[in-house]
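To start, the structure itself, in structure tokens.
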2 protein chains.
Amino acid sequence: MGSKNSTAAKRADALRSIDAIVQAAGECLGRSPEASLSEIARAAGVGRVTLYAHFNSRAEVVDAAMSRAVDRGNEALDAVDLTGDPLLALARYIEAGWQLVNQARALLAAAQRELSAGRIRDLHAGPAARVETLVARGRAEGVFRTDLSIAWLVNILHTVMHSAAEEIRAGRLTPNHAADHITATVLAAFTPPGKPVPQTSGEA
Amino acid sequence: MGSKNSTAAKRADALRSIDAIVQAAGECLGRSPEASLSEIARAAGVGRVTLYAHFNSRAEVVDAAMSRAVDRGNEALDAVDLTGDPLLALARYIEAGWQLVNQARALLAAAQRELSAGRIRDLHAGPAARVETLVARGRAEGVFRTDLSIAWLVNILHTVMHSAAEEIRAGRLTPNHAADHITATVLAAFTPPGKPVPQTSGEA
DNA sequence: TATAACATGAACACCACTGTATGACTTAGT
DNA sequence: ACTAAGTCATACAGTGGTGTTCATGTTATA
């Protein structure tokens, strides 16, 4: 559904172009959701007509870029160990994926105007489940608060990650400290009322 | 700088139109930053040409809508008591302004593409200072954490407010519980490491 | 009621983006 | 080396937004 062909085998040449286009689309749409196809084609080092030779519409380009981002995200996050202490697991998740999640969110803005709601749900099913089970486990173990819904906590995690990326873009935060800031903030936000918030980096 | 005239006194008729346009612009741009002037004029119950009779460009409309939103925000927030216990003060601030801040942020997206960076800084100077001093006072009193910068904490506050509004739009949160969720989350995130997170609503 | 201000629809030129078509050129695969 | 596949520049039609002009009505206000 991403590319144009049905059964014909593509030439190595064409595959290279397609890959460049999808990659450029991910970058351009990640920066600005209303990037034009001309802009994407130019960033891919390819003619605009060539883009239309492989994708029937703008929606197909967005879909391909979004799918690729989700795939790469899943791939990267599969390498993260989410077992053991939920606090440490969450810290590992944040460390591995905070800038990844941000780009996915920027792409999402483009996808939400170009793709159907069902398609977006499908693309999000996998990644969302991973964090949800981690949060659920943390709640079951008494480490994360239960007075707020799982959906809200997951939303907070993603929101803080995203905002950190924007703070960096605005020059108010350095990339080195981003993960620390996110972790410190989210772990505190997840702490059950009455319990002390965990120390994240330097312990006394 | 907002409207078109210089010295001529406007008719009551015209003032009514201008007000309707600015109000409609606030609503339309609050929903979608790329709302067209045709759309805004229609929402204002006014002809498109009439809009151009009062505003020279799209930027002027955006500026007027943004200025109005900031003014109304300042007005509403001036009524909030930010003295006393910083925790309670922050809770009052959230209660009063969370949906307000969200609309301002949605407008901000439109403003950032149409207005100069300097103009945006000017518009934000007032509102930002208010929260910053509150956060600074909370830190000085040992209630808020000092291991994260003031700018980051303020950013977290606004980000969580904004995300709550989006959760409501997505149907995952009811407006009644929004302020509670935001307060519970932000107060926990602001708590210094090692200290217990405060109970917000029901105490055991 | 006179008149200047205002509102309005229709029409215009301009621009950027989308999507398609054509024809010449280059490259991959056998 | 031959051919099908791919690339690309140019050009085209269609769409939708921005600003402007104009001629005709409508309304506030003195």
Side-chain angles (χ1 to χ4, degrees), chain A residues 1-25 27-29 31-65 109-115, chain B residues 1-25 27-29 31-65 109-115:
Chain A
M1 260 144 201
S3 312
K4 203 173 187 176
N5 73 328
S6 42
T7 53
K10 301 226 157 188
R11 240 168 59 176
D13 194 355
L15 295 176
R16 213 177 330 126
S17 284
I18 292 176
D19 201 63
I21 292 170
V22 175
Q23 182 176 342
E27 291 166 8
C28 292
L29 294 173
R31 269 184 261 114
S32 152
E34 61 252 23
S36 71
L37 293 188
S38 314
E39 197 176 334
I40 292 172
R42 204 182 324 119
V46 114
R48 195 175 69 94
V49 186
T50 301
L51 190 153
Y52 277 103
H54 297 298
F55 299 93
N56 287 314
S57 72
R58 174 174 235 277
E60 280 192 5
V61 179
V62 174
D63 191 300
Q112 273 166 341
R113 299 187 305 188
E114 237 86 35
L115 271 44
Chain B
M1 263 146 200
S3 313
K4 201 173 188 176
N5 73 327
S6 44
T7 53
K10 301 225 156 188
R11 240 169 58 175
D13 195 355
L15 294 177
R16 213 176 330 126
S17 283
I18 292 175
D19 200 65
I21 290 170
V22 176
Q23 182 176 343
E27 292 167 7
C28 292
L29 295 173
R31 268 185 262 114
S32 154
E34 61 252 22
S36 70
L37 294 187
S38 314
E39 197 176 333
I40 292 171
R42 204 182 322 121
V46 114
R48 194 175 71 95
V49 188
T50 301
L51 190 154
Y52 276 103
H54 297 298
F55 299 92
N56 286 315
S57 71
R58 173 175 236 276
E60 281 193 4
V61 178
V62 174
D63 191 301
Q112 272 166 342
R113 300 188 302 188
E114 237 86 35
L115 271 45

Quickly work out the Tyr52(A) OH to dA11(D) C1' distance and round it to whole Å.
15 Å
Determine whether a donor-acceptor pair (N or O, by modelled atom type, separation under 3.5 Å) exists between the side chain of Glu39(B) and the backbone of Ala35(B).
no
Rounded to whole Å, CZ of Arg42(A) lies from P of dA9(D) at a distance of 12 Å
Check the pair Leu37(A) / Tyr52(A) against side chain to side chain contact (heavy atoms under 4.5 Å, CB included), numbers first and verdict last.
CA-CA 9 Å; Leu37(A) 293 188; Tyr52(A) 277 103; 3.3 Å; yes
Closest contact, heavy atoms only, Val46(A) versus Leu51(A)
CG1-N, 4.4 Å
In whole angstroms, the gap separating P of dG19(C) from CG of Leu51(A) amounts to 10 Å
Between Phe55(B) and Asp63(B), is any pair of side-chain heavy atoms under 4.5 Å apart?
no
Would you classify Arg48(B) as touching base, sugar-phosphate or nothing, given that sugar-phosphate means primed atoms plus P, OP1 and OP2, and contacts are heavy atoms under 4.0 Å?
base
May I ask you to verify if any side-chain N or O of Ser17(B) is less than 4.0 angstrom from the OP1 or OP2 atom of dA7(C)?
yes
Distance in angstrom units between Arg113(A) CZ and dT18(C) P, rounded
11 Å
How close or far is atom P of dT20(C) from atom NE2 of His54(A), stated in whole angstroms?
15 Å
Assuming nearest nucleotide by heavy-atom distance, tell me which of Ala59(A) and Gly47(B) is located more 5' along DNA chain C.
Gly47(B)
Round to the nearest Å and state the distance from Leu37(B) atom CG to dG17(D) atom P.
10 Å
With the side chain of Ala12(B) defined as its heavy atoms from C-beta on, choose the nearest nucleotide among dA10(C), dG6(D), dT29(D).
dT29(D)
Which residue, Val46(A) or Glu34(B), contacts DNA chain D at a nucleotide closer to its 5' end, judged by nearest heavy atom?
Val46(A)
Which whole-number value in Å describes the distance from Phe55(A) CZ to dG19(C) C1'?
15 Å
For Arg11(B) and for Ser38(B), locate the closest nucleotide of DNA chain D by heavy-atom distance; then report the residue assigned to the nucleotide nearer the 5' terminus.
Ser38(B)
Within less than 4.0 Å of OP1 or OP2 of dG19(D), is there a side-chain N or O belonging to Ser57(B)?
no
Whole angstrom is fine here: how far is it from CZ in Arg58(B) over to P in dG19(D)?
8 Å
Using a 4.0 Å heavy-atom cut-off across all strands, classify Ser36(A) as base, sugar-phosphate, or nothing.
sugar-phosphate
Which atom names give the shortest non-hydrogen contact between Ala110(A) and Pro33(A), and what distance separates them?
CB-O, 3.7 Å
Side-chain contact check for Asp13(A): nearest option of dA4(C), dT27(C), dC8(D) is dT27(C)
